[in-house]
Structure formats: C-alpha cells, structure tokens
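Structure, as structure tokens:
Just so it is clear, the values below take in all heavy atoms, side chains as well, and ignore hydrogens, waters and symmetry mates. No experiment lies behind these values; they were computed from the predicted model shown. Every number for a ligand or one of its atoms is a count from 1 in the order of the listing.
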Amino acid sequence: MSANSEVEAVYQQVIQRNPGETEFHQAVKEVLVSIEPVIKKHPEYVETNILGRIVEPERQITFRVPWQDDKGNFCVNRGFRFEFNSALGPYKGGLRFHPTVNASIIKFLGFEQVFKNSLTGLMMGGGKGGSDFDPKQHSEYEVMRFCQSFITELSRHIGPNTDVPAGDIGVGGREIGYMFGQYKRLRNEFTGVLTGKGLEWGGSLVRKEATGYGLVYIVDEALKDAGKSIEGATVLVSGSGNVAIYAVEKVHQLGGKVVTMSDSNGFIYDPEGIKLDTVKQLKEVERKRIKEYVSIHKKAKYTEGSDGIWNIKCSIALPCATQNELDEKDAKALVKNGCIAAGEGANMPCTPEAADVFIENKVIFLPGKAANAGGVAVSGLEMAQNNQRTAWAFDKADSELKNIMTTIYENSKTAAEIYGKKGNFVVGANIAGFLKVANAMMAQGLV
Ligand code: NDP
Ligand code: 2IT
C-alpha cells in the first residue's frame with residue numbers, strides 16, 4: 001500500500017467509525033496529510049498500523065452528571081473524558097464546560113492534545129474531557145454542586161499517575177478548586193490530580209498566564225527569525241478568557257498594541273489599545289460581558305456578533321476564542337490588510353481553508369498544537385513541582401516556558417525543512433509531534 005492510499009484508508013475508517021463528528025474528522029485529516037512524507041520514508045509505521053491505532057482513543061468515558069439547582073430541581077448533564085494516548089505519559093489535557101460540548105469536540109481536542117503534549121518535550125500523554133454544562137448560566141453554588149458531581153464520577157478514572165485534567169473553556173481556577181476539594185474528600189489524598197490549582201494549594205506560578213504568554217513568545221520567536229518584531233505592531237485578539245487576556249498582557253509588555261477582544265456576543269475595538277485592567281475586572285472578577293467595556297472607555301466601539309473583527313487592519317492576528325472562528329474570507333481580509341503573522345491561541349480556530357490562505361501568502365502561521373502548548377507545558381511543570389513537593393519562583397517557571405516555546409519553534413521549523421516543506425509550521429509541528437508518539441508506541445509493542 002502506498003503512503004497516500006494508507007493515509008486515505010485510515011481517514012475513511014475514521015469517518016466510518018465516527019459518523020457526523022466533523023471537528024474530529026477535520027483534526028485527523030490535517031495530521032494525516034501532514035505526515036504523508038513520513039509514512040513514505042518509514043514503511044514500519046504502515047506495517048505496524050501506527051496510523052490506525054493513533055486515531056483511535058485508548059478509552060472513551062461518557063457519564064451522567066446529576067446535580068441539584070438552587071430551586072431544588074434535579075438536573076442532568078453529560079460528562080466526557082476521552083483518554084486518547086498514553087505512550088508518552090499519563091493522559092493530560094483540559095476539561096471544557098460549554099453547551100456546545102459533544103463527543104466530536106472532545107475527540108478532536110483529545111487527538112490534538114496528544115501531538116501538542118509531545119511537542120512540549122515533557123512526559124505527558126493526551127486526553128480531553130468536559131461537559132455540556134454552561135457555568136455562565138448558573139449561580140456560584142450551582143457551579144460548585146455541578147463540579148462536585150462531575151468529579152465524583154470522574155474520580156474513578158483519573159489520578160496523578162493515570163490522567164491529570166486541567167482547565168479549558170468554562171473551567172478556570174474556581175472550577176478546578178471545587179473539583180480538587182471533592183476529589184480530596186473522596187480519596188483522602190492530597191495529590192496533583194488536577195493542574196491549574198490555586199497558588200496556595202499546589203498550583204504553579206505562571207500557569208494562569210502560560211497559554212497566552214507562550215503564544216506570544218512563539219510568535220515573537222518566529223518574527224525575530226524573519227527579521228521582524230512585535231514592537232510597534234497592531235494586533236487583533238479574539239476571545240476575552242484566560243488565553244486572550246494573557247496574550248494581550250504579553251503583547252503589551254513587548255511593545256505591541258492590541259486593539260480588539262471579543263466574547264460569544266460580540267467584539268470591542270479600541271483604536272488606542274485595549275485597557276487590560278478593565279477587561280480583567282469585567283471578565284475575571286465580575287464575570288460580565290465584553291460590551292460593558294465601551295461604557296467605561298468611550299472611544300472604543302462595540303459590535304454585536306463576530307463578523308468584522310478580522311477586517312480591522314493589523315500586522316498580527318491571534319484567534320484565542322474557539323474552533324473554526326476564523327475562515328477563508330477572514331484570512332483573505334487579513335492578508336489584504338498586510339497581516340504578517342497569525343498564531344492560534346485557541347484550538348483549531350482557523351478553518352483548513354484559512355490556514356491554506358495564510359501559508360500560500362507567506363503569512364507566518366503558527367498552528368495551535370505548537371502555539372498554544374505553553375498552557376499544558378506549565379501544567380507539566382506543575383506536576384513536576386507537585387511530585388517534588390516544591391514551588392518554583394515566577395521567573396524560573398517563566399524562563400522554562402520560554403525555553404519550551406523556543407524549542408517547539410525550532411523543532412517544528414526543522415521538521416518542516418527535513419520533509420521539504422520549509423516555512424510550513426502546520427506540517428512541521430504535526431511531524432515533530434507525531435514522530436515521538438509513533439516511536440514510543442513502536443517501542444511499547446502492540447499498544
Ligand atoms: P475561557 O473560557 O477562559 O474563554 C473563552 C473565550 O472564548 C471567552 O471569551 C468566550 O466567550 C469565547 N468563546 C467561547 N466559545 C465561543 C464561541 N462558541 N463563539 C465565540 N466565542 C466563544 O477559555 P480559554 O481562554 O481557556 O480557552 C480559549 C481557547 O484556547 C479554547 O479553544 C481552548 O481550547 C484553548 N486553549 C486553552 C488553554 C488553557 O490553558 N486554558 C490551553 C490551550 C488552548 P464567552 O465568555 O461569551 O463564552
Ligand atoms: O488545550 C489545552 O492544551 C488545555 N486546555 C490545557 C491542558 C492542560 O492540561 O493544561
């Protein structure tokens with residue numbers, strides 16, 4: 001079987017086995033196409049059906065989450081934890097609480113996590129979980145009871161050497177706290193079973209900032225490599241959650257100016273530069289909508305919906321909200337307006353067509369697996385600190401993060417060059433991530 005037909009056969013089987021799971025199909029296709037040249041060079045991966053095995057999660061756990069709301073109603077949501085691949089270490093990846101969560105979303109996220117975690121160079125397998133519960137619609141105590149119920153069931157499947165969840169959309173420090181507390185009661189053990197913990201009880205400095213900072217570190221590295229800089233650049237950011245906020249913070253520290261942020265209702269444009277203190281107060285403290293920003297900063301403009309955010313002139317675009325939020329027409333508008341770099345803070349925020357537009361037009365395009373790996377990297381550092389019962393200083397964790405992002409950049413760049421795709425970081429990141437996982441699976445036998 002040729003590499004092309006092998007890849008096609010695996011892709012067709014994925015479609016057949018996972019009907020209707022379009023996000024998962026999309027994520028698998030991107031990786032399979034990228035690694036075709038590797039498969040051509042290494043027939044042993046075909047002989048041992050590495051591809052067929054790597055696209056199948058090791059374990060898929062789906063469960064009922066019963067909980068009681070403030071009025072006493074008996075409510076139920078669906079919980080997920082897909083343990084995708086443990087070749088490189090315990091399953092590791094976030095939990096997403098959002099009404100759109102379903103099997104396809106969790107599967108695509110878990111699949112990407114495997115290669116992302118491989119790129120960090122740390123000992124972490126890949127997994128993802130979550131629920132269709134929407135924390136934004138519920139009171140503080142409802143969120144607490146939901147988290148307690150969710151982890152009561154999940155606790156039988158996870159552990160500090162088995163599977164270590166963390167946050168993602170809708171799961172931040174508050175939710176991690178409630179889940180950690182309940183896990184501790186159930187097990188009578190204080191272990192690093194979750195990352196993103198509070199700093200007083202086992203969390204790592206820089207974890208909160210890590211995804212956003214890491215994104216900007218790798219974009220900065222790529223720009224420097226091309227003789228350019230973030231300093232003085234106008235930057236568009238979407239989202240106003242954990243990743244977006246700390247991406248904005250780092251861009252501003254490096255002398256760039258972010259002019260947009262958004263949430264699922266709409267976006268703000270502040271030509272003078274986003275005042276991040278206002279956004280942190282609105283989003284992290286008061287849990288309000290981004291549109292409130294314009295009642296405080298009168299020169300800023302609010303637009304309902306997301307249409308138009310990528311039409312604003314900029315030199316760098318950082319989508320940090322959710323999957324498929326930036327499509328072909330958005331990418332074309334960015335190119336037309338002189339955008340020179342795009343970095344995916346979110347997971348799979350650019351459609352495949354948008355990614356192609358960037359690559360064809362020589363826009364530096366850093367895919368999520370590489371660009372947003374800083375979060376899980378510092379989660380890995382949190383696990384290391386927990387194992388040693390120690391806590392590092394901010395500067396130590398931050399410089400480790402910077403080193404990891406630089407290494408991811410170098411490894412992705414080199415892999416792309418070796419396989420004849422110079423400058424294509426999608427191919428480079430996928431190949432570099434894949435090789436380590438595939439080789440570990442080969443070494444471990446029929447796993
Ligand atoms: P948060 O919940 O903190 O923030 C998510 C942001 O995206 C919010 O502004 C939210 O708006 C917006 N958003 C969510 N869903 C949609 C949607 N369907 N349409 C439009 N806007 C939406 O999550 P994070 O910042 O942690 O995550 C953002 C992205 O980054 C996700 O893709 C996540 O998988 C990825 N990521 C996160 C990491 C982390 O460490 N947290 C690590 C690596 C990747 P609203 O509040 O209105 O819902
Ligand atoms: O998508 C991601 O990498 C995350 N949500 C972070 C996962 C983690 O375990 O820190």
ask   = Hey, are Asn265 and Lys291 close enough side-chain-wise for a donor-acceptor pair under 3.5 Å?
value = no

Counting heavy atoms under 4.0 Å, the part of Pro349 that contacts ligand 1 is neither

Atom 18 (N) of ligand 1 has as its nearest protein heavy atom Thr322 CG2, 3.7 Å

| message | Below 30° counts as parallel, above 60° as perpendicular, anything between as tilted: where do the rings of Phe80 and Phe82 land? | response | perpendicular

Atom 3 (O) of ligand 2 has as its nearest protein heavy atom Lys116 NZ, 2.8 Å

Task: Under 3.5 Å: N/O of Asn372 near N/O of ligand 1 - done: no

message: Do the side chains of Glu272 and Lys299 get close enough for a salt bridge, i.e. N-O under 4.0 angstrom?
response: yes

Could you establish whether Gly172 and ligand 1 come within less than 4.0 Å of each other, counting only heavy atoms on the residue side?
-> no

The closest protein heavy-atom partner of atom 9 (O) of ligand 1 is Ser240 N, 2.9 Å

Query raised in the report: Run the side-chain hydrogen bond (donor to acceptor under 3.5 Å, both in side chains) check on Ser412 and Lys369 step by step: do they pass?
Result: CA-CA 10 Å; Ser412 304; Lys369 282 184 206 90; over 6 Å; no

If we number the atoms of ligand 2 from 1 as shown, the ones under 4.0 Å from a heavy atom of Ala166 are 8 (C), 9 (O), 10 (O)

At under 4.0 Å between heavy atoms, what of Asn347 touches ligand 2? The answer is side chain

If you scan protein heavy atoms around atom 5 (N) of ligand 2, the nearest is Asp168 OD1, 2.9 Å

key: Donor-acceptor side-chain pairing of Glu328 and Thr351 below 3.5 angstrom   = no

A student checking ligand 1 against Gly239 at a 4.0 Å heavy-atom cut-off should list atoms 9 (O)

of all protein heavy atoms, closest to atom 13 (N) of ligand 1 is Ala321 CB, 4.1 Å

Atom 22 (C) of ligand 1 has as its nearest protein heavy atom Ser264 CB, 4.0 Å

### Query
Are any of the N/O atoms in Asn372 less than 3.5 Å from those in ligand 2?
no

With heavy atoms and a 4.0 Å threshold, my read on which part of Glu325 contacts ligand 1 is neither

- Task: Begin with the C-alpha distance, continue with both residues' side-chain angles, and end with the deciding distance and a verdict on salt bridge (charged side-chain N to carboxylate O under 4.0 Å, His left out) for Asp327 and Lys329.
- Result: CA-CA 6 Å; Asp327 65 15; Lys329 76 171 165 18; 3.5 Å; yes

Atoms of ligand 2 under 4.0 Å from any heavy atom of Gly93, numbered from 1 in the order shown, are 7 (C), 9 (O)

Indicate yes or no: does an N/O atom of Lys136 lie under 3.5 Å from an N/O atom of ligand 1? yes

Quick note on ligand 1: atoms under 4.0 Å from a heavy atom of Cys320 include exactly 28 (C), 29 (C)

heavy-atom search around atom 4 (C) of ligand 2 in the protein gives Lys128 NZ, 3.6 Å

the protein heavy atom lying closest to atom 33 (C) of ligand 1 turns out to be Asp168 OD1, 3.2 Å

If you scan protein heavy atoms around atom 10 (O) of ligand 2, the nearest is Ser379 OG, 2.6 Å

Is there a heavy atom of Arg207 sitting under 4.0 angstrom from any atom of ligand 2? yes

**Study point:** side-chain contact (heavy atoms from CB on, under 4.5 Å) between Tyr183 and Glu189, worked out
**Key:** CA-CA 8 Å; Tyr183 183 89; Glu189 57 182 38; 3.8 Å; yes

One finds that the ligand 1 atoms under 4.0 Å from a non-hydrogen atom of Arg207 are 39 (C), 40 (O)

Next item on the list: List the steps and the verdict of salt bridge (charged side-chain N to carboxylate O under 4.0 Å, His left out) for Lys288 and Asp263.
Entry: CA-CA 10 Å; Lys288 286 193 173 151; Asp263 61 21; over 6 Å; no

**Item:** Proximity of Tyr293 and Tyr302 rings by center, below 6.0 Å
**Value:** no

The closest protein heavy-atom partner of atom 32 (O) of ligand 1 is Asn347 N, 3.2 Å

Flag the pair Asp225 / Ile364 as yes when at least one side-chain heavy-atom distance between them is below 4.5 Å, and no otherwise. no

Do the charged groups of Glu56 and Arg53 touch, with an N to O distance under 4.0 Å? no

TODO: May I ask you to check whether Phe190 and Phe180 place their ring centers less than 6.0 Å from one another?
DONE: yes

Within the 4.0 Å heavy-atom cut-off, what Ser262 brings close to ligand 1 is backbone

Ligand 1 atoms nearer than 4.0 angstrom to some heavy atom of Arg96 are 31 (C), 32 (O), 33 (C), 34 (O)

Aromatic plane relationship, Phe133 with Phe146 - under 30° parallel, 30 to 60° tilted, over 60° perpendicular: parallel

The closest protein heavy-atom partner of atom 7 (C) of ligand 2 is Gly94 N, 3.5 Å

**Request:** Decide yes or no for Ile290 and Phe267: does some side-chain heavy atom of the first lie under 4.5 Å from some side-chain heavy atom of the second?
**Result:** no

Testing the 3.5 Å rule here: is there a donor-acceptor pair between the side chains of Glu140 and Tyr178? yes

Discussion item. Would the distance check show the side chain of Asp398 and the main-chain N or O of Phe394 forming a donor-acceptor pair, the cut-off being under 3.5 Å?
Written reply: no

- Query: Can you list the steps and then say if Thr191 with Asn386 is a side-chain contact (heavy atoms from CB on, under 4.5 Å)?
  - Reply: CA-CA 7 Å; Thr191 51; Asn386 291 167; over 6 Å; no

* Looking at ligand 1, does any of its N/O atoms fall within less than 3.5 Å of an N/O of Gly167? -> no

Looking only at protein heavy atoms, what sits closest to atom 15 (N) of ligand 1 is His98 NE2, 3.5 Å

Short version for Arg289: what comes under 4.0 Å of ligand 1, heavy atoms counted, is side chain

Going by the 4.0 angstrom heavy-atom rule, the piece of Thr211 near ligand 1 is side chain

Heavy-atom nearest pair, Phe150 first then Gly130, reads CE1-O, 3.3 Å

closest protein heavy atom to atom 9 (O) of ligand 2 is Lys92 NZ, 2.6 Å

* Asked: Hey, does Gly167 come in under 3.5 Å of ligand 2, counting only N/O atoms on both sides?
  -> yes

Between the side chains of Ser86 and Glu58, is a donor N or O closer than 3.5 angstrom to an acceptor N or O?
yes

Honestly, for Glu382 the part within reach of ligand 2 (heavy atoms, under 4.0 Å) is neither

Closest to atom 37 (C) of ligand 1 among protein heavy atoms sits Val243 CG2, 3.4 Å

